[in-house]
Number of protein chains: 4
Amino acid sequence: MFSKFLSLDSEKQDRIINAAIKEFAQKGYDNASTNEMVKEAGISKGLLFHYFKNKKQLFLFLFDYCYSLVADEFYKKVDLTEPDFFKRIRQSVHIKMDLQTKYPDILTFIQEAFMQDSPEIKDEFDKKKLELNAINIGIIYDGIDLSKFRDDVDVQKILKVISWTFEKMSDEELHKAKMVPGHKIDYEKVFLEAEEYFELFIKCFYK
Amino acid sequence: MFSKFLSLDSEKQDRIINAAIKEFAQKGYDNASTNEMVKEAGISKGLLFHYFKNKKQLFLFLFDYCYSLVADEFYKKVDLTEPDFFKRIRQSVHIKMDLQTKYPDILTFIQEAFMQDSPEIKDEFDKKKLELNAINIGIIYDGIDLSKFRDDVDVQKILKVISWTFEKMSDEELHKAKMVPGHKIDYEKVFLEAEEYFELFIKCFYK
Amino acid sequence: MFSKFLSLDSEKQDRIINAAIKEFAQKGYDNASTNEMVKEAGISKGLLFHYFKNKKQLFLFLFDYCYSLVADEFYKKVDLTEPDFFKRIRQSVHIKMDLQTKYPDILTFIQEAFMQDSPEIKDEFDKKKLELNAINIGIIYDGIDLSKFRDDVDVQKILKVISWTFEKMSDEELHKAKMVPGHKIDYEKVFLEAEEYFELFIKCFYK
Amino acid sequence: MFSKFLSLDSEKQDRIINAAIKEFAQKGYDNASTNEMVKEAGISKGLLFHYFKNKKQLFLFLFDYCYSLVADEFYKKVDLTEPDFFKRIRQSVHIKMDLQTKYPDILTFIQEAFMQDSPEIKDEFDKKKLELNAINIGIIYDGIDLSKFRDDVDVQKILKVISWTFEKMSDEELHKAKMVPGHKIDYEKVFLEAEEYFELFIKCFYK
DNA sequence: CATGAATGAGCCTTCATTCAT
DNA sequence: TATGAATGAAGGCTCATTCAT
């Protein structure tokens with residue numbers, strides 16, 4: 001599908017990818033302008049469509065590209081032999097924040113992508129989201145030592161509550177960051193807040 | 001401001017409101033087409049702007065309208081004298097689901113509205129969101145008996161975890177519903193699932 | 001034609017006329033908004049069209065109204081028994097400037113009207129301009145003592161040169177005034193400049 | 001700025017320019033319709049804006065284009081070594097009339113452009129007018145032998161009177177031409193009339 | 001492989017004018 | 001006489017996409 005694009009020299013690939021990600025991340029799917037992308041990437045209008053056929057395919061390609069890139073780094077860094085759920089999730093939070101710092105545009109793009117539901121891309125994109133979710137939960141919970149959790153409640157539910165908590169925490173922080181232009185996330189503070197939730201969960205959910 | 005519109009016979013008001021809500025809910029602020037709205041409502045192009053001046057005002061009006069409608073019903077039904085947090089939140093979940101059944105489009109619209117961040121409406125709309133949030137938290141947590149919660153952890157954090165859990169539960173359900181066209185939420189099942197989380201929280205977070 | 005309007009009580013007539021003149025004067029024929037007029041005059045949309053049928057008729061009516069008003073005042077003040085051309089033209093200049101101060105909106109409206117040539121009103125309006133010109137020249141030159149002018153040139157041409165000079169002078173001044181927002185015409189200076197041209201003409205064109 | 005447009009084959013350039021000039025000349029800036037222009041030029045909606053970005057830039061481009069074209073021809077034909085003011089101005093009048101015959105639309109456009117004062121283009125356009133005026137007066141009066149004029153009056157004022165006279169003459173002729181559809185200017189007659197004014201001025205303003 | 005001119009549907013909004021009340 | 005809701009054409013402009021070169 002995108003073989004033509006992938007056989008380009010990688011410098012040009014990068015220029016195009018970065019320009020497109022930036023535009024999508026800043027303006028969302030519908031308002032992103034292919035014009036701006038080609039201008040920023042220094043290529044011609046026609047070429048973009050030569051490689052990607054249309055905006056939708058470009059978006060879907062970028063999403064796969066970004067997701068792979070981020071997921072690869074993530075799974076490279078995460079220690080799947082760590083059996084303690086809280087240590088694992090703490091790792092995840094830290095890695096996620098590292099990635100945020102390392103690839104801010106890409107992370108923003110993924111985030112925006114997950115919030116998108118322009119009718120144009122809805123069908124194909126929702127499938128992707130579902131897949132990813134299924135994969136993630138499986139992998140992340142893999143090898144976790146569940147014996148430390150209380151026996152009187154459903155452990156699966158506890159895990160969900162914990163995951164949701166950190167997702168919401170991160171959402172809130174991102175949201176605040178978007179609200180105040182120029183506002184940067186204070187990672188120090190977020191780490192500390194996360195630690196407090198860890199303690200709470202250990203007290204309440206461990207035996 | 002919208003007095004012209006509000007003094008219309010309510011059948012026409014409804015036609016316009018429903019058409020506009022539907023369009024905004026399906027496509028988001030930027031991509032919603034006023035053309036489609038008037039076509040669906042069976043009115044002329046000019047008339048919409050006779051009532052609302054521009055797209056932004058229309059959106060803001062609809063949000064207030066929807067929010068008021070839903071909030072009114074909500075506060076009419078919620079029992080603010082119930083001091084037990086879990087009973088209160090259980091109420092909320094039930095009421096919310098009733099509303100979902102009664103006004104599916106409106107709930108979707110509000111949901112989408114909260115996710116919107118088109119630059120066009122950002123400023124005015126973010127203010128609204130903040131206000132609503134502040135009011136809601138205040139009212140919903142009002143009169144809650146906090147003495148039942150464990151003393152060894154921060155109660156505020158517990159409350160957050162609980163709220164987030166039910167928000168996420170509801171999000172997931174909504175999301176699944178949107179994914180499969182024609183799929184209806186099985187409230188019976190959702191209630192039961194919610195109950196399981198209530199039990200979990202009572203066991204873990206109460207003294 | 002406008003009898004319905006003219007039998008209104010004069011206070012309402014004035015409100016309508018003033019509102020309409022102001023709008024036309026400020027924005028020109030095409031950009032003047034009948035909406036603004038009715039808002040300013042405090043009457044309903046329909047009523048304006050009840051009296052004037054359409055924008056064009058309103059404009060034409062206003063032009064006649066303004067022109068009559070100004071012309072009446074002009075001919076009331078001008079001394080047609082003064083046989084000296086320069087004294088006569090000096091009078092004209094002074095009277096014109098008085099009117100400018102007394103009815104600034106009306107004079108602006110007439111001025112703008114003469115510059116208008118929106119295709120909408122062109123045909124009917126050009127006829128009016130021609131008529132007025134014919135009348136004016138006739139009346140103003142009426143009773144002038146031509147014997148003071150040199151015999152070796154065509155007096156009619158001299159009169160034209162003189163008229164044109166003062167018209168251009170006035171045009172230039174108006175133009176400057178429009179160029180610099182808030183700039184007011186310095187009548188003192190204009191009078192003095194006009195006097196210098198009078199002297200020049202007397203020296204060159206009188207025997 | 002307009003390089004895209006200028007590298008078009010000239011046949012298409014001309015079609016677009018002519019269509020746009022015609023529309024602007026007939027209806028003025030505000031009422032000229034870009035829709036009509038593209039229809040007349042036989043190009044698509046988008047293309048016009050591909051070349052010119054917006055209506056204002058198009059107008060400004062056309063003005064420069066027209067002015068350059070006309071000014072070039074003018075200065076090519078005018079003999080700046082002729083020291084006699086009347087001979088010089090006679091030349092100007094003749095050249096202007098030639099241009100009028102050769103490029104009637106363009107001259108009308110320039111004429112209309114100078115009368116325009118839509119707020120949209122006011123600022124940028126007024127600057128242009130001022131510049132042009134300054135340049136013109138300088139060049140046209142350059143090298144004129146002022147010693148032939150009477151010493152008892154201000155020569156600068158005489159020059160103004162003379163310029164104004166021929167401008168007004170030309171305005172009146174144009175105006176008459178516009179009034180009667182299909183009426184062509186009788187240059188023969190105009191030349192003769194101009195000659196009579198020359199004689200008058202020589203008699204009255206030369207020593 | 002690469003260009004960018006060309007397309008035309010679609011966008012939101014304004015407007016003079018009509019007409020039922 | 002008086003209202004203002006209702007109309008719908010027209011306005012400038014943007015955009016993803018195509019195609020001849």
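Sequence lines set the chain letters: A, B, ... in the order given, protein chains first and strands last, and positions in each chain run from 1. Since the model is a prediction, treat every value here as computed from it, not as a measurement.
- Listed by residue number, C:Ser44, C:Lys45, C:Gly46, C:Leu47, C:His50, C:Tyr51 are the residues of residues 41-51 of chain C with a heavy-atom contact under 4.0 Å to DNA chain F.
- Here the CG atom belonging to A:Asp105 is positioned 13.5 Å from the CZ atom belonging to A:Phe24, to the nearest 0.5 angstrom.
- Taking atom CG of B:Asn35 as the reference point, atom P of F:dA10 lies 15 Å away to the nearest angstrom.
- B:Ser33 has a side-chain polar atom (N or O) that falls below the 4.0 Å cut-off from OP1 or OP2 of E:dC12.
- Base-pairing analysis of DNA chain F finds the following stems of at least three consecutive Watson-Crick or G-U pairs, with both pairing distances under 3.5 Å: E:2-21 with F:2-21.
- Here F:dT18 presents its P atom at 8 Å from CG of A:Asn54, a figure rounded to the nearest Å.
- Residues that satisfy the ring pair (Phe, Tyr, Trp, His ring centres under 6.0 Å) test with D:Phe109, not counting sequence neighbours, are D:Phe59.
- Protein atom CG of C:Leu58 is 16 Å distant from nucleotide atom P of E:dC15, rounded to whole Å.
- Of the inter-residue distances, the one linking D:Phe2 atom CZ with D:Ser7 atom OG reads 13.0 Å to the nearest 0.5 angstrom.
- Separating the CG atom of A:Asp30 from the P atom of F:dT14 is a distance of 18 Å, rounded to the nearest angstrom.
- In this structure a side-chain-to-backbone donor-acceptor pair under 3.5 Å is missing from D:Lys12 to D:Phe5.
- Remark: A:Tyr65 pairs with no residue by the ring pair (Phe, Tyr, Trp, His ring centres under 6.0 Å) rule, at least two apart or across chains.
- When rounded to the nearest whole Å, the span between CD of B:Glu23 and P of E:dC11 equals 8 Å.
- Judged purely by atom type and a 3.5 angstrom limit, B:Asn31 has no side-chain atom pairing as donor or acceptor with the backbone of B:Lys27.
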Using atom types as modelled, flag every donor-acceptor pair under 3.5 Å from a side chain in residues 45-53 of chain A to any protein atom, sequence neighbours excluded.
| unit_1 | atom_1 | unit_2 | atom_2 | d |
| --- | --- | --- | --- | --- |
| A:Lys45 | NZ | A:Thr34 | OG1 | 3.4 |

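- Residue D:Lys53 is the one, among D:Lys53 and A:Lys56, whose nearest nucleotide of DNA chain F lies closer to the 5' end (criterion: closest heavy atom).
- Under the 3.5 Å distance criterion, the side-chain polar atoms of C:Lys55 are matched with a main-chain donor or acceptor of C:Tyr29.
- Contacts with DNA chain F (heavy atom under 4.0 Å) in residues 7-20 of chain D: none are found.
- Checking side-chain atoms of B:Ser10 against main-chain N and O of B:Gln13 turns up no donor-acceptor pair under 3.5 Å.
- Distance check, rounded to the nearest 0.5 Å: CG of D:Asp9 to CG of D:Asp14 gives 9.0 Å.
- Atom OH in C:Tyr29 sits about 12 Å away from atom C1' in E:dC15, given to the nearest Å.
- Between the side chain of B:Glu23 and the main chain of B:Ser33, a donor-acceptor pair closer than 3.5 Å is present.
- Rounded to an integer number of Å, the gap from A:Lys39 NZ to E:dA2 P is 21 Å.
- As a whole-Å value, the separation of A:Met37 CE from F:dC15 P is 11 Å.
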